[in-house]
Number of protein chains: 2
Amino acid sequence: MRKEKLEELESYLEELKTVKQVRKDPSFLTRLFRGKGFLSSDVYECHLNCGRIVVREKLVKGKKDGSAAIIFALTKTNEVLLNVEPRVFTNETVSLGFPAGYIELNETPEQGARRELLEEHGYQAGEMILLDEFYQDEGCSSAFNRIFLALDSEKVSEQHLDKDEIIRPFLCTYDEVLELNKLGYFTGANSKLAIERAKEYLKRR
Amino acid sequence: MRKEKLEELESYLEELKTVKQVRKDPSFLTRLFRGKGFLSSDVYECHLNCGRIVVREKLVKGKKDGSAAIIFALTKTNEVLLNVEPRVFTNETVSLGFPAGYIELNETPEQGARRELLEEHGYQAGEMILLDEFYQDEGCSSAFNRIFLALDSEKVSEQHLDKDEIIRPFLCTYDEVLELNKLGYFTGANSKLAIERAKEYLKRR
């Protein structure tokens, strides 16, 4: 990397940093009637290092930021645990993906990942390896997702889902996951990144 | 792929399809006071093929679904066009990424990608290649993003941003993009996927 280019980049990053963020209170009536759903948003006035002030809206999911754990789980018999779930707003209305879920405020990302694997599949993971982390939608959200590789997962219980959750567990081999990926069965950003990171990691082993 | 496994998968996908979707009208007061921001949501009652009914919320961004185009643009002199932008809700509050933006209702994804490249960098693209497409957040949104590779991009005008937009253009070589990626400068899901797909494509050329 050219030294002057890295300095140029760092100067832009410094210039556009937020130095102060003020949440703007919604009006009393908006607070009262804005709906009591899972999705909501808050408005912030953001003061940048360069002196500019911008107003941005932040997505809130059930009072949290919506950070999720995505788990590429291998069982002791070398199968991969997959989910088939309704995804009602996609063209297909249903999709194939990985066990995943929101990280609770009182748990670490790894704890959240282990809990989701247990709830959605009844599997307990052995070693968990953090493969990557990334913002899901950085323009309007602070959701910071983690992809874990779960090794030696073992069936210890039944599936335990929330009452509005529907997941069909689907198990296949690692090679079949890659084949299904080539066939276009995985359509979500989280799933696509999980497959790339798992491929990179497992190739190196 | 084992035939019986593919049949099992297809049966789950069929079973969990949505056959009917009914948007639930918010109350008059909620409609009146819910706030007039960019982010909002609608509630749908979804009837699945298996008979179950689930209620899901759909994220709306300024009356659209928020589908975006992300552009990995190479110039005629083989530089890559990057953006430094405030990302006020991330830990870093600022990030490095690719030219990108929401696709308007009256344009194709490619038209949207060309317009964004022109607005954000003042560059006109030559050939555009669709590298991938994916749902950004399939649980609560129908946003379907496209990653384009723009070849032979050429400077034809100044930057033309919306009044609340701030972008510092940053140009470097393809190898420097890969180096910055290894150093952890790219933190968004869209950027990470764009780099993977560009790498795959350019390796094959």
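Naming: A, B, ... by sequence-line order, numbering from 1 per chain.
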Under 4.5 Å from a heavy atom of chain B, the part of [X] involved:
X: E176(A); result: both
X: E92(A); result: both
X: E200(A); result: side chain
X: L13(A); result: both
X: C46(A); result: side chain
X: E179(A); result: side chain
X: V43(A); result: neither
X: N190(A); result: neither

Inset, instruction - Measure from NZ or CZ of K5(B) to the centre of the six-membered ring of F170(A), then state whether that distance is under 6.0 Å and the direction lies within 45° of the axis. - result: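 The answer is yes, since K5(B) meets both limits relative to F170(A).
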
Would the distance check show the side chain of [X] and the main-chain N or O of [Y] forming a donor-acceptor pair, the cut-off being under 3.5 Å?
X: E57(A); Y: L39(B); value: yes
X: S141(B); Y: L59(B); value: no
X: K24(B); Y: D42(B); value: no
X: R146(B); Y: F144(B); value: yes

Inset, instruction - Verify whether the ring centers belonging to Y44(A) and F89(B) lie closer than 6.0 Å. - result: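 For Y44(A) and F89(B), the ring centres are under 6.0 Å apart.
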
With only heavy atoms counted, which part of [X] is less than 4.5 Å from chain A, the side chain, the backbone, both or neither?
X: E196(B); answer: side chain
X: T187(B); answer: both
X: N145(B); answer: neither

Among [options], who wins on heavy-atom pairs under 4.5 Å with chain B?
options: V54(A), L96(A), T173(A), D164(A); result: D164(A)
options: E8(A), R52(A), K61(A); result: R52(A)
options: E14(A), R56(A), E85(A); result: R56(A)

In terms of heavy-atom pairs under 4.5 Å with chain A, which of [options] leads?
options: V19(B), L183(B), V55(B), D175(B); result: V55(B)
options: K192(B), K17(B), K163(B); result: K192(B)
options: L82(B), L180(B), D65(B), I53(B); result: L180(B)
options: L9(B), L6(B), L193(B); result: L9(B)
options: G184(B), A189(B), A100(B); result: A189(B)

Inset, instruction - Could you check V94(A), V88(A), I167(A) and say which one makes a side-chain contact (heavy atoms from CB on, under 4.5 Å) with L16(B)? - result: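 Exactly one option meets the side-chain contact (heavy atoms from CB on, under 4.5 Å) with L16(B), and it is V94(A).
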
Inset, instruction - Go through the steps to decide whether F98(B) and F186(B) satisfy the test ring-ring contact (aromatic ring centres under 6.0 Å, His included), and finish with yes or no. - result: CA-CA 9 Å; F98(B) 294 92; F186(B) 295 96; 5.4 Å; yes

Inset, instruction - State whether D152(A) and K76(A) are salt-bridged, where the test is any N-O pair (Lys NZ or Arg NE/NH1/NH2 against Asp/Glu carboxylate O) under 4.0 Å. - result: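 Salt bridge absent between D152(A) and K76(A).
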
Legend entry - Within 6.0 Å of NZ in K20(A), more than 12 heavy atoms from elsewhere: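 At most 12 heavy atoms, drawn from other residues, nucleotides or ligands, come within 6.0 Å of this atom.
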
Inset, instruction - Using a cut-off of 6.0 Å, state whether more than 12 heavy atoms not belonging to E4(A) lie near its atom CD. - result: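 Yes, because the 6.0 Å sphere around CD of E4(A) holds more than 12 heavy atoms from other groups.
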
Inset, instruction - Verify whether one side chain among E45(B) and H47(B) offers a donor that lies under 3.5 Å from an acceptor in the other. - result: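 On atom types as modelled, these side chains qualify, holding a pair under 3.5 Å.
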
